[in-house]
Amino acid sequence: MAEKQHLYLVDGSAYIFRAYHRLPPLTDPEGTPVGAVYGYTTMLWKLAEDLDKAEGPTHLAVILDKSSHSFRNDIYPEYKANRPPPPDDLVPQFPLIRDATRAFSLSCIEEQGLEADDLIASYARAAAAQNWDVTIVSSDKDLMQLISEGDDSRGRIDMLDTMKNQRISLPEVADKFGVTPDLVGDVLALMGDSVDNIPGIFGVGPKTATKLIQEHGSLTAALDAAADMKKSKLKERLIEHRADAELSRILVALKEDCDLPMAMDDFKLDGVPVEPLAAFLQKHGFTSLLRRLDAGSGSPDRANDLNPAKPATAADVGDSEGNRQAVPDMPAIDRSAYECVQDMDTLNRWIARCEAARVIAVDTETSALDSMQADLVGISLAVAPNEACYIPLAHGGTDLLAETPQQIGLQDALAALRPVLTNDAILKIGQNIKYDLNVLARYDVDVTPVDDTMIISFALDAGRGEAGIGGGHGMDELSVRHLGHSPLSFKDVCGTGKKQIPFGEVPLDRATEYAAEDADVTWRLHKHMKPRLAIEGGTTVYERVDRPLVPVVAQMERHGIKVDRAALSRLSEEFATRMAALEGEIHGEADQEFTIGSPKQLGEILFDKMGYKGGRKGKSGQYSTDQAMLEKLAEQGATIATKVLEWRQLSKLKSTYTDALQAAINPKTGRVHTSYSLTGAQTGRLSSTDPNLQNIPIRTEIGRQIRTAFVADTGNVLLAADYSQIELRLAAHMADVPSLKEAFAAGEDIHARTAKEMYGEVTRDTRAQAKTINFAILYGISRWGLAGRLGVEADEAQAMIDRYFERFPGIQRYIAETLESVRELGYSQTLFGRKTWFPRINSKNGAERQGSERAAINAPIQGTSADIIKRAMVRMMPALTEADLGHVRMLLQVHDELVFELPEGDVEAAKPIIEKVMADAAMPAVTLDVPLGIEIGSGTDWGAAH
DNA sequence: GATGTCACG
DNA sequence: GACGTACGTGACATCA
C-alpha cells in the first residue's frame, strides 16, 4: 500500500521577515547581508531532514508573495497601506531566498496579484481534497482558518512554526482564538489587524472578539445581536462600525480556489542533490552547514541527499540563534571510548594525561543534590573529545547484598588527584563547578583555577531563550544547542520517582558512560564557547567579575549562617495558635468551614456566598483574592477580609520561614547553607535557593522577628553593610541628571529632593509620591502603572511623568537611547559590559513587546548594581586579609547588602575596610559621577545589625 | 505541573 | 486598545 502523501507548504515571505528580525546582521564574504537568508536556509535544512520521518514531507513547495498589490487592494485601497518599506539590508536578500530554494532543488511558487496566503490556501484545500495531509510552515494567524482534522477521504491540515518548533492544530487554534478554524475569520474580522491595516471594530481586541463569536456563533449573528445588547460602548461600536467588520471579513477570507500554477505531483521530494547546495553554501560562507553537508554525504558519488543519516545539527540551530562561531571540528561523541578507572596504575596514566593536556574537564558524582550533604561517589575527567574516564570511588556501598566492585580507595584516589586539581597550571573546567568545589572542599581539596561553562554561557547568552526553545544554561540544553547531542540524562541512568537509585548503585559500565560523557561534553562546550567571549565582548565581565566570584560564593555557601532553632520554634507555635483562632472566626463569619488557603474556595465564599463585589479574572475564571483585593474589601467593612489577610501573613511566615528554616539546618554544621545561583537572574543578579535567604522578612514588625533568629556564633556579631539607594544613584549617573547627582553628592534625601523639583514643596504626601515615581522610572514607567500605584487617573499620572521628564531631562533621553540600542543590537549592557538579550523587543505582540521594553530599561541599572556588589565581593577577603582580618567571614549577599560574621572586638577595624571596598567597587573600570553610600550596622542578630 | 499568592531587593 | 500594566527573583499551598 502506498504511503500517504504529505505536502508541506512553506510560507517563505513571512518567514524571512521573522528571520530578519531574529538574527544578527550577518554578511557573506562579499559583504551582502545574509542574516535572513541564513535563517531561511537552516529552516529548509531542518525540513529536509524530516523527509523520512512519520510526520515529514513527501512533497514540498515554497510559496512567496510576488508583489504588494493584490485583489484586496482593489476592494480596499488602504489594505496593508501602513506597512513600512522593508529595511534596506533586507531588500537584497529577497532574490537570494529564491536562490536558496533552488539550491535545495525545491519548487518556488509565486503569482502576480495573489498573496502567498491565497496560494497556500488553494493548494492546501486541493491537496486535502485528494486525501493528502498538509502542513503549512508558517505562524500566520490568518492561515489558521485552514486547519482541519481530516477524515477517511480528506487529508488533515495543520501548521508548523519552525521558530518555536511547534505544531499548530485544532487545540492550538482553540487556545488562541477560542473557536474552531471556520470561525477564526469571524474573530479576525472583529478584532482587525493593525499590521495589515484591517479595520475590524474600533475598540474590540482579541478577547472581546472571541467572546462575541463564542456567544453568538458567527460574525453576522454578533452584529445582529448588537441592537438588543444593553447600553454600552461596545454596543455603540458594533452598530456604528458594522460596515468595517463586514469589509474586514472579506479581507481576511482566504481565496481558496486560485488556479494552481504548478501541479502538486511536481513537488515530490527525491532527496536533495548535493552539488548546487554546496555551491550555494560556499558562495555565502555558510561554513558550518557546508561541513555538515560534507559529513553527511560521505563520498560525493554515494549518498546524494540530506537524509537523517547525519542530521543537520543543533550546531546549526545554535547558529540560527545567533552564535556565529562555528563548532570546532570534533569527532562525534562515542561513549564506548570512555574508560573506567579501577586501579592506581590506570589512574596514574590519566593523571599524566591531565598534566599534558593542561585544560581538563572535571565532574563529580555524588549521593545527593545538596553540595553540603552529598558524599563523593566518583570523579570523571576529560582531556580531549572522547578522551574521558570515570573513577568510581564509592560504588556499591549502600546495597549490602550487591558485590562491591573493584575501585580505588577514596582517600588514595584523592591524594593522587590533588596535585592535578590544585595545580595552577592546569585549568579545571566544570559545568556549575561551584557544586564540585564545595563537595571537594569538604574532602580538603581546594580546586583551582577553574572555568565554568554554565557561567560562560550566561555571559554570552543571558536572556536569549525563547518560549519553546529554551534559553537555559544547563548542560543538556547547552549540549543540544551547541553540539547537537543529547547526553544521557540522570534519569536514564538512575531512574525516577520511587524506582530511583543512588548513583553509587549504578553498574560501573553504565556509570562510566554517563559520568565520563558529562566531562566530555563539558570539555567540548568549553572549546566551543570560550572563544566566543572575546569575539562577542564577554571577556571582561566573565574574567573580572563572574569567574573570580565562583570560589568566593562557594566559600560563603560553606560558611552558612547560624539560626536559633528554639526561637523559630517558638514563633511557629505562636503563629499556629493565632492562626487557629483566626480560622475559627473566619469560618464563623462565612458560616461554614472551608480551606482558607485555597484562593478558589475563598473567592467563592467572598463573592458568591457573601456577595461582596469583585470581578472574575484570567482564563482560569477564578476570582482574584490577592492582597490588593482583600484590602479593598476590608475598606468596605468586610472584617472577614482583614482576618484572612492576617491569617495569610501568618501562614506565609510559618510555612516559608519559621518551619522551613528549622528543617534547613544542616545536621553536621548546625547552620543553614543556601545555594546561590550565578546564572539565575537575567540581569546578572545572584539568586538564592534551598533555602532562599534573600527574601527573609523585614518590612513588617511581625516578619522582622524572623530576622532576629539569624544569629552570630558565640562571641561574634553579625555586620550588615548595604548600598544606599544604589539603583537611583546609578540612574542619576547613567542618565546624567545634574540635579539628582548634586543631591546625592550633597547627601540629601533623594525622594525629598525629587518632591521639591516636582511639586515645589516637600510634604509627607509629595515625598511619598516622588518615591513612587522614582521607582517607577527604574522599572520602566507606564502611565497606567503609575496611576494604579498612586490611585490617580492615567491622565494625571501622565502629567506627572511629563513633569518628571521636564525636571530631569536626562531620564527621558536615557530611556529612548536604551530602547533604540536594544532594538538594534538585541541586547542591553551594563556599565561593565554585561549583556542581557531581549529577543522579544521587536515583537508584534504589544504586551510582550512593552514588557520587554520595561525590562530593557531596568536591566542596565539592576545589572550594573549587581556588577558592582560582585566586584566588591571578589575584593573583600583579600582586603580584609591584608588588614589581618582574614578570619572575618562573609556569609550572605542580598542584592545590595553583604552580611559578615566576626568577633565583636574586630567590628571597628573591619567597618572602614568593608565600607571602602564597597564604595570603590566600580573603580577603576568605571568612575561614577555619584558617590556610593554605604550603611553599616552590627549586632548579635541580623535584625539588630540593621 | 500549573496557578495564585507573597516574601525580598 | 489590550495587558487586571512597574523590574528582578524563589517557595509554598492547592488543585487538576
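Not measured: the values here are computed from a predicted model.
An OP1 or OP2 oxygen of C/dC15 is reached within less than 4.0 angstrom by a side-chain nitrogen or oxygen of A/Gln601. In terms of phosphate contacts, A/Ser687 brings a side-chain nitrogen or oxygen within less than 4.0 Å of OP1 or OP2 of C/dG10. A sub-4.0 Å separation between OP1 or OP2 of C/dA13 and a side-chain N or O of A/Ser598 is absent. When the side-chain nitrogen and oxygen atoms of A/Arg854 are compared with OP1 and OP2 of C/dT5, none of them lie within a distance under 4.0 Å. In this model, the phosphate group of B/dT5 is approached by a side-chain N or O of A/Thr625 to a distance below 4.0 Å at OP1 or OP2. Distances shown here put a side-chain N or O of A/Gln627 below 4.0 Å from the OP1 or OP2 atom of B/dA7. At least one side-chain nitrogen or oxygen of A/Lys207 sits closer than 4.0 Å to the OP1 or OP2 atom of C/dC3. Not one side-chain nitrogen or oxygen of A/Arg685 sits closer than 4.0 Å to the OP1 or OP2 atom of C/dT9.
Of the candidate nucleotides C/dC7, B/dG4, C/dA6, C/dC7 has the atom nearest to the side chain of A/Gln862. Considering only side-chain atoms of A/Met629, the nucleotide from B/dC8, C/dG4, C/dA13 that sits closest is C/dG4. Residue A/Gln622 has its side chain nearest to B/dG4 when only C/dA11, C/dC7, B/dG4 are considered. In this structure, the nucleotide among B/dG9, C/dT9, B/dC6 sitting nearest to the side chain of A/Asp896 is B/dG9. Checking C/dA11, C/dA2, C/dG1 against every side-chain atom of A/Asp690, the shortest atom distance belongs to C/dA11. Closest to the A/Arg707 side chain, of the nucleotides C/dA6, B/dC8, C/dG8, is B/dC8. Each of C/dC12, B/dA7, B/dT5 was ranked by its minimum atom distance to the side chain of A/Pro697; first place goes to B/dA7. Minimum atom distance to the side chain of A/Ala681 is reached by C/dT9, of the listed C/dT9, B/dG9, C/dC3. Counting only heavy atoms from C-beta on, A/His895 has its side chain closest to B/dG9 among C/dG1, B/dG9, C/dC7. The A/Ser624 side chain lies nearest to C/dG4 when the options are C/dA2, C/dC7, C/dG4.
A/Gly597 comes within 4.0 angstrom of the backbone, heavy atoms only, and of no base. No contact: A/Ser651 has no heavy atom under 4.0 Å from any strand. Across all strands shown, A/Thr772 has heavy atoms under 4.0 Å from base atoms, whether or not it also approaches the sugar-phosphate. Nucleic acid contact class of A/Thr595 (heavy atoms, under 4.0 Å, all strands): sugar-phosphate only. At the heavy-atom level, A/Asn695 lies under 4.0 Å from base atoms of the strands shown. Among the protein residues, A/Gln850 comes within range of the nucleic acid bases, having at least one heavy atom under 4.0 Å from a base atom. Residue contacts shown for A/Ala660 are limited to sugar-phosphate atoms, with no base heavy atom under 4.0 Å away. As judged by a 4.0 angstrom heavy-atom cut-off over every strand, A/Ile861 is placed among residues making no nucleic acid contact. Across all strands, A/Ile781 comes closer than 4.0 Å to no nucleic acid atom at all (heavy-atom distances). Note on A/Ala855: only backbone sugar-phosphate atoms sit closer than 4.0 angstrom, heavy atoms only; bases stay farther off. Contacts of A/Arg783 with the nucleic acid, taken as non-hydrogen atoms under 4.0 Å apart, are absent.
The residues A/Asp795 and A/Arg783 are annotated as not salt-bridged, no charged nitrogen and carboxylate oxygen being separated by less than 4.0 angstrom. Remark: A/Arg685 engages A/Glu727 in a salt bridge, criterion side-chain N to carboxylate O under 4.0 Å. Using a cut-off of 4.0 Å between Lys/Arg side-chain N and Asp/Glu carboxylate O, A/Lys434 and A/Glu557 are scored as salt-bridged. A salt bridge does not link A/Arg707 to A/Asp941: none of the charged side-chain nitrogens sits closer than 4.0 Å to a carboxylate oxygen. Electrostatic pairing of A/Asp461 and A/Lys835 does not count as a salt bridge here, judged by no charged N lying under 4.0 Å from a carboxylate O. The pair A/Arg823-A/Glu853 meets the salt-bridge criterion, since a charged nitrogen lies less than 4.0 angstrom from a carboxylate oxygen.
Stem analysis of DNA chain C (Watson-Crick or G-U pairs, both distances under 3.5 Å, runs of at least three) returns B:1-9 with C:7-15.
Comparing C/dA2 with B/dC6, their P atoms are spaced 27 Å from each other, to the whole Å. Rounded to whole Å, the P atom of B/dT5 lies 14 Å from the corresponding atom of C/dT5. Nucleotides C/dA6 and B/dA2 place their P atoms 23 Å apart, quoted to the nearest Å.
Nucleotide B/dT5 holds its P atom 5 Å from the CG atom of A/Asp626, rounded to whole Å. For A/Asp867 and C/dG8, the CG to C1' distance is 14 Å, given to the nearest whole Å. Atom C1' of nucleotide C/dG10 and atom CG of A/Leu661 are separated by 13 Å, given to the nearest angstrom. With rounding to whole Å, A/Leu678 atom CG is found 14 Å from C/dT9 atom P. Taking atom OH of residue A/Tyr657 and atom P of nucleotide C/dC12, one finds them 10 Å apart after rounding to whole Å. In this structure, A/Leu790 atom CG and C/dT5 atom C1' are separated by 14 Å, rounded to whole Å. In this structure, A/Leu892 atom CG and C/dT9 atom P are separated by 20 Å, rounded to whole Å. The separation between A/Ile777 atom CD1 and C/dG8 atom P is 16 Å, rounded to whole Å.
Of the two residues contacting DNA chain C, namely A/Gly780 and A/Thr689, the nearest-nucleotide position lying further toward the 5' end is that of A/Gly780. Between A/Ser655 and A/Leu778, the residue anchored closer to the 5' end of DNA chain C is A/Leu778, taking for each the nucleotide with the nearest heavy atom.
For A/Tyr612 and A/Phe607, the ring centers are positioned 6.0 Å apart or more.
Each of A/Val894, A/Val563, A/Ile561, A/Val899 was checked for a side chain to side chain contact (heavy atoms under 4.5 Å, CB included) with A/Leu693, and the lone residue meeting it is A/Ile561.
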From CA spacing to verdict: salt bridge (charged side-chain N to carboxylate O under 4.0 Å, His left out), A/Asp749, A/Arg767: CA-CA 10 Å; A/Asp749 172 338; A/Arg767 185 183 180 279; 2.8 Å; yes

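Ring geometry, A/Trp942 versus A/Phe710: the interplanar angle exceeds 60°, so the pair is classed perpendicular (tilted spans 30 to 60°).
Side-chain atoms of A/Lys652 and base atoms of B/dC6 include a donor and an acceptor less than 3.5 Å apart. Interface remark: the A/Arg699 side chain does form a donor-acceptor pair with the B/dG9 base, using a distance-only criterion of under 3.5 Å.
Note that NZ of A/Lys211 and CG of A/Leu190 are 12.0 Å apart. Values are rounded to the nearest 0.5 Å.
Between A/Ser688 and A/Pro691 the shortest heavy-atom distance is OG-O, 3.4 Å.
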